[in-house]
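Beneath this line is the structure, given in structure tokens, with notes to follow.
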Amino acid sequence: MRVQSLGHAGLRIDVGETRIVCDPWFSPEGAFQASWHQYPDNESQLSAALDEPTAILISHEHMDHVDPWFLARAPGNIPVVCPRYPSPALRHKILAGGLRPIIELDAWEHYRIGDVSVFFVGEESPMNHDSAMVITSNGTTLLNMNDARLTTAQIRRIEREIDNRIELLFLQAAGASWFPICYEYDAERQRTLAMSKRDAKLRYVERMMAATGARIAFPFAGPPAFLDDELMWINDQMGPEGIFPDQEQAIDWLADQTAGPTELLLPGDVWEDTTRRRIANPEWEGFSFDDRGDYLDEYAARRTSSIAAVKERHPWPDSSLWEDFAVYFERVLEMSPYFNEHIGIRVGFDISGPGGGRWAVDFRQGQRGVFPDFGDPHYVYRFESRWLPDLLKGAVPWEDFFLSCRFRAWRSPDVYNDHLLGLLKFAWPDALDAVETFETRDPSEDRIVIRSIEGATYLVQRYCPHAGQDLEETGEAVEGGILRCLGHHYEFDLETGQCINGKSRPLQVERLT
């Protein structure tokens, strides 16, 4: 098996005459309203990605993984193989690059592509449409986790499915989030939250390396570069206290933890599994993530026209957007009583610029509706009016826009509302129904014993009530009598079971000593 990095989460896998391209992202406009860009620049690998692939594998719907610009240049007879999700968003984005065969697989459904067998493993909770790829040939298995957060139980099942060990592990070590950087916190609170998120992400990577026992791991799929002048400040998050550690930082951290062998692949670098060695792309001789300042300035200059083109396609509105806003959210409010109940707050939208206003959507029982006045919201999104029309038309999903970081947010109480994001990002009844079915199932009766930092012991449910992560593997006691799930960073009070930083169902707990 020969694995070539195509940059970011892109891989080219060669086995005999079979050539698989995974999650290729090459658009010169980057992704998410031209905010994210491939780092380092992977333009030189486009020809390798287009060189007669047997199939293209795409893991999920984020635009740094499904790239219509690339698909429009790939031969139309090349099939895309992808997971089947309850929302049609991924299929629509693939077809935005032109008609081609699409093969959608259910989770764990094996599919043969030439000399290679593949299957997808989705996250336990349908609130997160992310899937890992399992690619096997001649006794060698590559697990490409990209953005997916798998459980240890899923790792064990993968091993049973392949009847072997996982040899090569590719997984994301940088964040892929707008929290906390887009929230209106003071500098110290920002730093504390960013460090907590960074630490939780890296610890999850460490635990997945231990769970798989992979022969070698490759941190990849980030960080992105922010090249628009308005967003260049976010690149500071690649520093030692930010949520976007680069691959070198991740590898250094993992080495300090003695987590196991790792390797850095820059665009064009190749891992030859038969010889178990890396073949370096000479293009990157002398490159260092530590010298990112000058590199990003030069890179931004090359992308100036592409970023400007995206903004030109989002002109300032010439009339009020209120009526379109009201119609859109009145429809959203009719989609899922379950989501409305679990959101249960008033959300303000502070839309600046021509056509904008200060409007609100109230999800509370008895006060539900869309209002032309701000009122007293519990959650506020602030952004420019130029971005709103495509959100209301469904041309840009809300999650894609939030990943652009072209907004600011505020909330009180300062608690993550997963159902608010879920309703906005899906806005599709089948996807919302799948989440409701998952979250209202009977919980497992399995229990584990947790010892707090302060010395008390508790009997708690084994699987996280948020998304089903196995707390025996991903649970971590932290100061203050708190249990943190490293899967999605949810924290639970061990005395009461209440989630203290989100709106998850409570953790079932019983104090023993």
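Any value given below was found using the heavy atoms of this structure, including those in side chains, with hydrogens, waters and symmetry copies removed.
Note on residues 252-262: no pairs pass side chain to side chain donor-acceptor pair (under 3.5 Å), not counting sequence neighbours. Sorted by first and then second residue, the side chain to side chain donor-acceptor pair (under 3.5 Å) pairs involving residues 75-88 (not counting sequence neighbours) are Arg84-Asp106, Tyr85-Ser131.
Considering only residues two or more places apart in sequence or on other chains, Arg2 meets the side chain to side chain contact (heavy atoms under 4.5 Å, CB included) condition with Gln4, Asp14, Val270, Glu272. Looking at residues two or more places apart in sequence or on another chain, you find a salt bridge (charged side-chain N to carboxylate O under 4.0 Å, His left out) between Glu188 and Arg191. For Tyr381, the ring-ring contact (aromatic ring centres under 6.0 Å, His included) test picks out Phe349, Tyr379, Phe402, with sequence neighbours left out. Under the rule for a side chain to side chain donor-acceptor pair (under 3.5 Å), Trp25 has no partner lying at least two apart in sequence or in another chain. Taking the ring-ring contact (aromatic ring centres under 6.0 Å, His included) definition, one finds that Phe120 meets it with nothing, sequence neighbours left out. Shown here are the side chain to side chain contact (heavy atoms under 4.5 Å, CB included) partners of Glu230, two or more places apart in sequence or in another chain: Asp228, Lys311, Arg406. Applying the ring-ring contact (aromatic ring centres under 6.0 Å, His included) criterion to Phe170, with sequence neighbours excluded, gives Phe218, Phe220. In terms of the side chain to side chain contact (heavy atoms under 4.5 Å, CB included) criterion, residue partners of Gln247 (sequence neighbours excluded) are, by chain and number, Pro223, Leu264, Phe289. His466 is linked by a ring-ring contact (aromatic ring centres under 6.0 Å, His included) to His488, Tyr490, counting only residues two or more places apart in sequence or in another chain. Applying the side chain to side chain contact (heavy atoms under 4.5 Å, CB included) test to Glu184 and every residue at least two apart in sequence or in another chain returns Arg382, Arg408, Trp410.
The six-membered or imidazole ring of Phe401 lies near that of Phe383, with a centre-to-centre distance under 6.0 Å.
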